[in-house]
Amino acid sequence: MRDFIVTLPKAELHLHIEGTLEPGMMFELADRNSYDLPFESLRDVEAAYRFTDLQSFLDIYYQGAAVLQTEQDFYELMRAYLDRAGADGVRHAEIFFDPQTHTERGVGFEVFMSGFRAAMADTPNISSSLILCFLRHLSGADAVEAMAMAEPHLEGVVAVGLDSSEKGNPPELFEEAYAMARELGLRAVAHAGEEGPPEYVEAALDVLGAERIDHGIRSLEKPPLVERLRKDQVPITVCPLSNVALRVVDRIEDHPLPEMMGRGLQVSVNSDDPAYFGGYIGENYLGLAEKLGFGRDELAKIARNSINSSFAEALRKAELITQLEEALSSDEG
Ligand code: ADE
Ligand code: ZN
């Protein structure tokens, strides 16, 4: 099944670039930048990566991101992700980044944007774009300020998103920042219904104008919302290994993805923060096959959904769908 998964052309739509920082690279960059990490060894890292909820992860994740300081660091991070994703059959990626995590430490937009863009240009086998995320543990005014700072640096950015601590930080707080982004021609997505209630999913759609919902799994608690998501075929980017690592779901076997698919929702499968959650997109697909009994048709449907849910241009989407159908027919033959 692993070979089949790799040959499936797919899009990754929910991936935080800072969440691809592998422990090896974290130690290397800490050394290079003389940054004092709170971990001495891989064993310390393994112990720290036993998360109890989203916040326990975020505390470690922001600590790790502090080793990223130069354009070269951001280049290497992006390059390593794109190479790894390509090996899993990713042909298109829309990649989250958290500018406030870096600007707060005095690392400017020009530093990380140049590093990201150079790595994306050096990986032409994957079409890629960036999604600028606002940190919801900071204020709506901070998000507005981040958007204003970002304005001269938007080349390669396709959308804005909303991430970080969900509970107690509802989408309504970020209405103004999203309105600014819309004025600048950017698309909109938002994390909602990961740990937060289904009402946050509704507010993301109604107040922020989100065109895609990240996680969204708690939507299932509200049947009228499920019906709306189905009727409008709102894309939902689901991240099974993340949900288990952050204890939103006990085990992959208990994941609501089959129910979401059964209800006719437009779901894709993604890796979120693969360096922290035990696997890249290939492992997420493989987990569905091994633990939930997903067969080739179901995995192909998820890959097809991922392409259709993307912000890729119509021509690129059509090309990717053709590649997917060709891969499926040569697999049968
Ligand atoms: N930032 C990185 N990963 C995240 C997640 N799973 N939820 C919210 N914010 C995040
Ligand atoms: Zn996420």
Side-chain angles (χ1 to χ4, degrees), residues 12-21 23 26 38 45-66 95-102 104 131-140 142-143 160-174 189-204 208 210 212-222 236-252 254-257 260 267-281 283-284 287:
E12 178 139 71
L13 308 177
H14 186 154
L15 178 283
H16 302 263
I17 195 63
E18 294 88 354
T20 67
L21 181 63
M26 183 168 65
V45 170
E46 274 164 27
Y49 284 14
R50 289 192 202 114
F51 309 116
T52 50
D53 59 8
L54 175 58
Q55 193 59 50
S56 67
F57 154 68
L58 291 169
D59 294 342
I60 300 279
Y61 162 85
Y62 295 127
Q63 236 168 44
I95 302 162
F96 294 135
F97 68 109
D98 288 337
Q100 290 158 292
T101 298
H102 311 304
E104 271 195 332
I131 300 179
L132 182 162
C133 285
F134 303 118
L135 294 178
R136 69 202 303 165
H137 68 268
L138 301 178
S139 70
D142 288 332
V160 289
L162 184 63
D163 66 1
S164 193
S165 322
E166 186 181 10
K167 281 197 231 163
N169 296 312
E172 287 88 338
L173 300 172
F174 302 93
V189 304
H191 282 55
E194 177 186 18
E195 282 190 343
E199 287 71 25
Y200 284 17
V201 176
E202 293 172 325
L208 303 183
R212 202 158 74 199
I213 295 295
D214 298 311
H215 291 298
I217 61 176
R218 286 196 58 195
S219 304
L220 289 174
E221 294 168 25
K222 192 161 185 181
I236 305 173
T237 64
V238 177
C239 307
L241 286 177
S242 162
N243 295 149
V244 174
L246 301 186
R247 314 261 191 103
V248 179
V249 168
D250 287 338
R251 307 173 308 158
I252 294 285
D254 305 317
H255 200 280
L257 185 67
M260 296 172 91
V267 292
S268 61
V269 165
N270 307 270
S271 66
D272 207 6
D273 301 284
Y276 292 89
F277 301 154
Y280 285 75
I281 196 167
E283 279 87 35
N284 275 274

Atom OG in Ser271, atom CG in Leu15: separation rounded to 0.5 Å?
4.5 Å

Are the side chains of Leu58 and Ser164 in contact, using a 4.5 Å heavy-atom criterion?
yes

For Arg50, enumerate each residue passing the salt bridge (Lys or Arg N to Asp or Glu O under 4.0 Å) test, keeping only those at least two apart in sequence or located in another chain.
none

Quick one: list whatever passes side chain to side chain donor-acceptor pair (under 3.5 Å) with Thr237, sequence neighbours left out.
His14, Asp214

Less than 4.5 Å apart, any side-chain heavy atom of Arg136 and any of Tyr200?
yes

Not counting sequence neighbours, which residues clear side chain to side chain donor-acceptor pair (under 3.5 Å) with Glu18? List them please.
His102

Minimum heavy-atom separation for Ala190 to Ala210, with atom names?
N-CB, 4.2 Å

Just to verify, what does His255 make a ring pair (Phe, Tyr, Trp, His ring centres under 6.0 Å) with, not counting sequence neighbours?
none

Test side-chain contact (heavy atoms from CB on, under 4.5 Å) on Ile217 and Asn243; report intermediate values, then the result.
CA-CA 9 Å; Ile217 61 176; Asn243 295 149; 3.7 Å; yes

If you take all heavy atoms of Phe174 and Ala143, which pair is closest and at what distance?
CD2-CB, 3.8 Å

Side-chain contact test, heavy atoms from C-beta onward, threshold under 4.5 Å: evaluate it for Cys133 versus Leu162 and give yes or no.
no

Is the gap between the ring centers of Phe134 and His191 under 6.0 Å?
no

Just to verify, what does Glu221 make a salt bridge (Lys or Arg N to Asp or Glu O under 4.0 Å) with, not counting sequence neighbours?
Arg218

Hey, are the side chains of Val267 and Leu257 touching, using non-hydrogen atoms and a 4.5 Å cut-off?
yes

Close side-chain approach of Leu132 to Pro99, heavy-atom, < 4.5 Å
yes

Just to verify, what does Asp254 make a salt bridge (Lys or Arg N to Asp or Glu O under 4.0 Å) with, not counting sequence neighbours?
Arg251

Between CG of Leu13 and CZ of Phe96, what distance do you get to the nearest 0.5 Å?
8.5 Å

Distance check, rounded to the nearest 0.5 Å: Leu241 atom CG versus Asn270 atom CG?
11.5 Å

Test log, rule side-chain contact (heavy atoms from CB on, under 4.5 Å), inputs Thr52 and Phe57
CA-CA 8 Å; Thr52 50; Phe57 154 68; over 6 Å; no

Please check if the side chain of Asp98 supplies one atom and the backbone of Thr101 the other of a donor-acceptor pair under 3.5 Å.
no

Counting only N and O atoms by type, is there a donor-acceptor contact under 3.5 Å from the side chain of Gln100 to the main-chain atoms of Leu135?
yes

Tell me if a side-chain donor or acceptor on Ser139 pairs with a main-chain N or O of Asp142 at a distance below 3.5 Å.
yes

Where is the tightest heavy-atom contact between Ile252 and Gly287, given as atom of each residue plus distance?
CG2-O, 3.9 Å

Below 4.5 Å, heavy atoms only, C-beta onward: do Ile131 and Val160 meet side chain to side chain?
no

Do Ile95 and Glu12 make a side-chain contact, defined as non-hydrogen atoms from C-beta onward lying under 4.5 Å apart?
no

Taking ring pair (Phe, Tyr, Trp, His ring centres under 6.0 Å) as the test, write out the residues that go with Tyr280, two or more places apart.
none

By side chain to side chain donor-acceptor pair (under 3.5 Å), which residues pair with Tyr49, not counting sequence neighbours?
none

Only pairs under 3.5 Å count here: list side-chain donor-acceptor contacts from residues 192-199, not counting sequence neighbours, and write none if there are none.
residue, atom, partner, partner atom, Å
Glu194, OE2, His215, NE2, 3.2
Glu195, OE2, Leu54, N, 2.9
Glu199, OE2, Lys222, NZ, 3.1

Does any part of the side chain of Pro240, heavy atoms only, come nearer than 4.5 Å to the side chain of Val269, both counted from C-beta?
yes

By salt bridge (Lys or Arg N to Asp or Glu O under 4.0 Å), which residues pair with Arg212, not counting sequence neighbours?
Glu94

Quick check: closest heavy atoms across Leu21 and Gly64, and the distance to 0.1 Å?
CD2-O, 3.4 Å

For Asp273, the side chain to side chain donor-acceptor pair (under 3.5 Å) test, sequence neighbours excluded, returns none

What is the distance from atom CD1 of Ile213 to atom OG of Ser219, rounded to the nearest 0.5 Å?
7.0 Å

List for me each residue that meets side-chain contact (heavy atoms from CB on, under 4.5 Å) alongside Ala245, sequence neighbours excluded, and say none if there are none.
Phe277

